There are 2 protein chains.
Amino acid sequence: MQAKNQARSTCPISFALEIFGDRWTLLVLRDLLLRGRRRYRELLRSEEGIATNVLADRLKRLERRGLIRKLRDEADGRQFVYAATPLAISLVPMLIEMIVWGARSDSGSDVDPAFIARFETDREGLIAEIQAEVRRSNGLA
Amino acid sequence: MQAKNQARSTCPISFALEIFGDRWTLLVLRDLLLRGRRRYRELLRSEEGIATNVLADRLKRLERRGLIRKLRDEADGRQFVYAATPLAISLVPMLIEMIVWGARSDSGSDVDPAFIARFETDREGLIAEIQAEVRRSNGLA
DNA sequence: CTGTATCCTTAGGGATACTG
DNA sequence: CAGTATCCCTAAGGATACAG
C-alpha cells in the first residue's frame with residue numbers, strides 16, 4: 001500500500017500546491033531563500049509567529065520533498081543549519097514574481113522601491129544575484 | 001472595529017498568501033486565467049474535483065478581493081460569467097513561473113514541451129499573449 | 001538550542017440534499 | 001444552471017510544557 005495522497009493530478013500547479021499550498025511553507029522558504037535565515041531559532045522568530053510544532057513539521061516535509069537539507073553547522077558542531085537545495089533555489093523566480101505582485105497590489109506592503117526598480121530593469125540579474133547569494137551561504141554552512 | 005484577520009504583516013508574500021495561500025484558490029485562478037473557464041459549471045468540473053460549496057466560497061472571496069467580477073452573460077442574460085480583473089491578470093507571470101517550476105520538478109506532469117520551449121526563448125511574449133487572450137475573452141463576456 | 005509531545009479548538013472541506 | 005444549506009469529520013494549527 002503506497003502512500004496515496006489525494007488523487008494526484010498531472011498539473012504542475014497542482015503539484016506545486018502539494019508542496020507549498022498552505023499558509024506557512026512559503027514563508028519558511030522565503031526566510032531561507034531571501035532572508036538568509038538558516039537556523040531553527042531564526043526561522044521561528046519571523047514576524048508571522050509560526051508555532052514550534054508547525055515549523056518542525058514544515059521543515060520535515062521540505063526535507064522529504066528535497067527542498068532543504070539539514071546539516072551540522074561546521075562552525076559549531078552542536079548546531080544545525082538548513083540549506084536550500086537546487087530545487088528550492090529554482091523557486092526564486094516564482095517567489096520574486098509573487099513579491100512584485102504583492103507589492104504592487106498591497107498599499108500596505110513595505111518592499112524597498114529599489115528592489116522593484118531593479119526588477120523592472122534587470123530581472124534576470126536580480127534573480128541570479130539572489131540565487132548566487134543562497135549558494136554562497138550554503139557553501140559556508 | 002475593523003475586520004481584523006490575523007495580524008497582517010507588511011510582507012508581500014504574506015499578503016499574497018492571504019489571498020491564495022490555500023489548496024483551491026490558485027486552481028480556480030488557473031482555470032480562469034489559463035484555461036478559459038468562465039462559468040460555474042466549467043470551474044466545477046476541473047480534474048481536482050472541487051466541492052460546490054468550496055467553489056462558491058472561493059469565488060466570493062476572489063470577488064471581494066477584487067480579482068474577479070461576476071457578470072451577466074451578454075449572449076444569454078440568464079447566465080453568469082466570472083471575469084478576471086486586471087489584478088488577477090497581473091498574476092499571470094507568477095502562475096507561469098509556478099508552472100515551469102512544477103513541470104521541471106515533477107516527472108509526472110504533463111506540460112506541453114512546446115510551452116516550456118516558448119518560455120525559454122520568449123518569456124515576455126508568452127506572458128503577453130496569455131494576458132491578451134484573457135482580456136479578449138473578457139471583452140466577449 | 002532544537003526540537004517533541006500534548007492538548008484543545010477551529011477552519012477547511014467532502015458529501016449530499018435542496019432551492020430560485 | 002448556479003449556487004445554498006447542512007451535516008459531519010479530519011487536518012491544521014495555536015499554546016504550552018517538556019526533553020535530549
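Just so you know, these numbers use all the heavy atoms, side chains as well, and skip hydrogens, waters and symmetry mates. All chains are named by letter (A, B, ...) in the order of the sequence lines, taking the proteins before the strands, and each is independently numbered beginning at 1. None of the values given here were measured: they were computed from a predicted structure.
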Residue pairs involving residues 77-120 of chain A (criterion ring pair (Phe, Tyr, Trp, His ring centres under 6.0 Å); sequence neighbours excluded):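 Residue pairs with at least one partner in residues 77-120 of chain A: W101(A)-F20(B).
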Protein-nucleotide distance ([X], atom [atom1]; [N], atom [atom2]), rounded to Å:
X: R58(B); N: dG13(C); atom1: CZ; atom2: C1'; value: 8 Å
X: I50(A); N: dA12(D); atom1: CD1; atom2: P; value: 13 Å
X: R72(B); N: dC1(D); atom1: CZ; atom2: P; value: 17 Å
X: L27(B); N: dG14(C); atom1: CG; atom2: P; value: 11 Å
X: E42(A); N: dG3(C); atom1: CD; atom2: C1'; value: 15 Å
X: Q79(B); N: dC1(D); atom1: CD; atom2: C1'; value: 7 Å
X: R38(B); N: dA2(D); atom1: CZ; atom2: P; value: 12 Å
X: D22(A); N: dG12(C); atom1: CG; atom2: C1'; value: 13 Å

C11(A) side, atom SG; D31(B) side, atom CG - distance, nearest 0.5 Å: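 It is 8.5 Å, given to the nearest 0.5 Å.
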Donor-acceptor contact below 3.5 Å, side chain R37(B) vs main chain L43(B):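 No: the side chain of R37(B) does not pair with the backbone of L43(B).
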R123(A) atom CZ, neighbour heavy-atom count above 12 within 6.0 Å: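 Above 12, so yes.
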Distance test, side-chain N/O of W24(A) to OP1/OP2 of dA11(D), below 4.0 Å: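 No.
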Closest to side chain of R41(A), choosing from dC1(C), dA2(D), dG14(C):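 Between dC1(C), dA2(D), dG14(C), the one nearest the side chain of R41(A) would be dC1(C).
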Heavy-atom side-chain proximity of I89(B) to R135(B) below 4.5 angstrom: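 The answer is yes; the side chains approach within 4.5 Å.
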Nearest heavy atoms of L33(A) and A84(A), plus distance in Å: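 Scanning both residues completely, I find the closest heavy atoms to be CD2-CB, 3.7 Å.
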Footprint string (nucleotides 3-8 of chain D, 5' to 3'): B base within contact, S backbone only, - free, heavy atoms under 4.0 Å: BBBB--
